[in-house]
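Comments concern the structure below.
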Amino acid sequence: MGSINAEVKERLIQAAVDAKQGAYSPYSKFRVGAALLASDGSIIKGANIENASYGGTICAERTAIVKAVSDGTRSFAALAVTTDVAQALSPCGICRQVIREFCALDMPILLVPAGYTAEKGGILETTVSGLLPHSFGPEDLELPRTG
């Protein structure tokens, strides 16, 4: 797994917590914040934004990635995600696939429980490949075809 130092890790976690404040979740009441660490050290935040049609809802992880990519950032070093739940929760399936599109398989993913402090711990640390084993990615489209 790629690594980030403790100071950067804490900054990334705090950015995810801060991002959660921007959530628009009047239907589910389930706030999510995400913070994406770009390879240049910048942090891009995202929150979930719901829609009355439900299908128009966008998750925090995708919000952060879409913001970064649309501004030209396409190289990432880590992602932190947090909710208001006291245990670490994982991104949904569609977010996992979008993360896979833009992030290296060994990139660290920090799943942060609500109320996290460095002293309490409780973070689930994984990678993109840990979230989405046996994944399908852009490089698979380049494989030779038979038949």
Heavy-atom side-chain contact between Leu37 and Val8 under 4.5 Å: yes
Side chains of Pro91 and Ile99 in contact at under 4.5 Å (non-hydrogen atoms): yes
Treat each ILVMFWY residue as a node, draw an edge where side-chain heavy atoms are under 4.5 Å apart, and state whether Leu89 and Ile65 are in one component. yes
Exceeds 12 heavy-atom contacts within 6.0 angstrom, atom CD of Glu7: no
So CG of Leu131 and CG of Leu124: to nearest 0.5 Å the spacing works out to 8.0 Å
Interatomic distance, Leu79 atom CG to Met107 atom CE [nearest 0.5 angstrom]: 5.0 Å
Using a 4.5 Å cut-off on heavy atoms from C-beta on, say whether the side chain of Val81 contacts that of Leu110. no
Identify the two heavy atoms, one from Thr127 and one from Asp106, that lie closest to each other, and give their separation to 0.1 Å. CG2-O, 3.8 Å
Hydrophobic clusters here meaning ILVMFWY residues chained together by side-chain heavy-atom distances under 4.5 Å, can you tell me if Val66 and Ile43 are in one? no
Is there a donor-acceptor pair under 3.5 Å between the side chain of Lys45 and the backbone N or O of Ala64? no
I want to check something: taking the side chain as every heavy atom from C-beta on, are Cys59 and Val32 in contact at a cut-off of under 4.5 Å? no
Go through it in stages, so that I can follow the logic: the residues are Glu61 and Val98, the test is side-chain contact (heavy atoms from CB on, under 4.5 Å), and I'd like the CA-CA distance, side-chain angles, deciding distance and then a yes or no. CA-CA 9 Å; Glu61 301 90 332; Val98 172; over 6 Å; no
d(Thr82 OG1, Leu12 CG) to nearest 0.5 Å is 11.0 Å
dist Gln14:CD -> Lys9:NZ (nearest 0.5 Å) comes out at 15.0 Å
In the structure I gave you, are the side-chain heavy atoms of Asp140 and Glu142 within less than 4.5 Å of one another anywhere? no
So which atom in Pro113 and which in Ala88 form the shortest heavy-atom distance, rounded to 0.1 Å? CB-N, 3.8 Å
Which pairs pass side chain to side chain donor-acceptor pair (under 3.5 Å) with one or both residues in residues 64-78, sequence neighbours excluded? Ser39-Ser75
On a heavy-atom basis, the closest approach of Ser135 and Leu105 is OG-CD2, 3.9 Å
When the side chains of residues 114-123 are checked against the rest of the protein, which donor-acceptor pairs come out under 3.5 Å, sequence neighbours left out?
from	atom 1	to	atom 2	distance (Å)
Tyr116	OH	Glu10	OE2	2.6
Thr117	OG1	Lys120	N	3.0
Lys120	NZ	Gly115	O	2.9

Rounded to the nearest 0.5 Å, what separates atom CD1 in Ile58 from atom CG in Asn48? 10.0 Å
So Arg96 and Ser90, side chain to side chain donor-acceptor pair (under 3.5 Å) or not? Walk me through it. CA-CA 9 Å; Arg96 291 175 191 212; Ser90 181; 2.5 Å; yes
Starting from Phe102, can I reach Leu141 by hopping between I/L/V/M/F/W/Y residues whose side chains sit under 4.5 Å apart? no
What pair of heavy atoms forms the shortest contact from Ala34 to Ala19, and how long is it? O-CB, 3.6 Å
Decide yes or no for Glu50 and Ser28: does some side-chain heavy atom of the first lie under 4.5 Å from some side-chain heavy atom of the second? yes
Tell me, do Gln97 and Leu132 make a side-chain contact under 4.5 Å, heavy atoms counted? yes
For Pro138, give me all partners under side chain to side chain contact (heavy atoms under 4.5 Å, CB included), at least two apart in sequence or on another chain. Arg100, Glu101
Linked, directly or transitively: Val112 and Ile4 (ILVMFWY side chains, under 4.5 Å): yes
When you compare the side chain of Phe30 with that of Ser25, does any pair of heavy atoms fall below 4.5 Å? no
I need the Ile94 CD1 to Thr57 OG1 distance, nearest 0.5 Å. 11.0 Å
What is the minimum heavy-atom distance between Ala16 and Ala35, and which atoms define it? N-CB, 3.5 Å
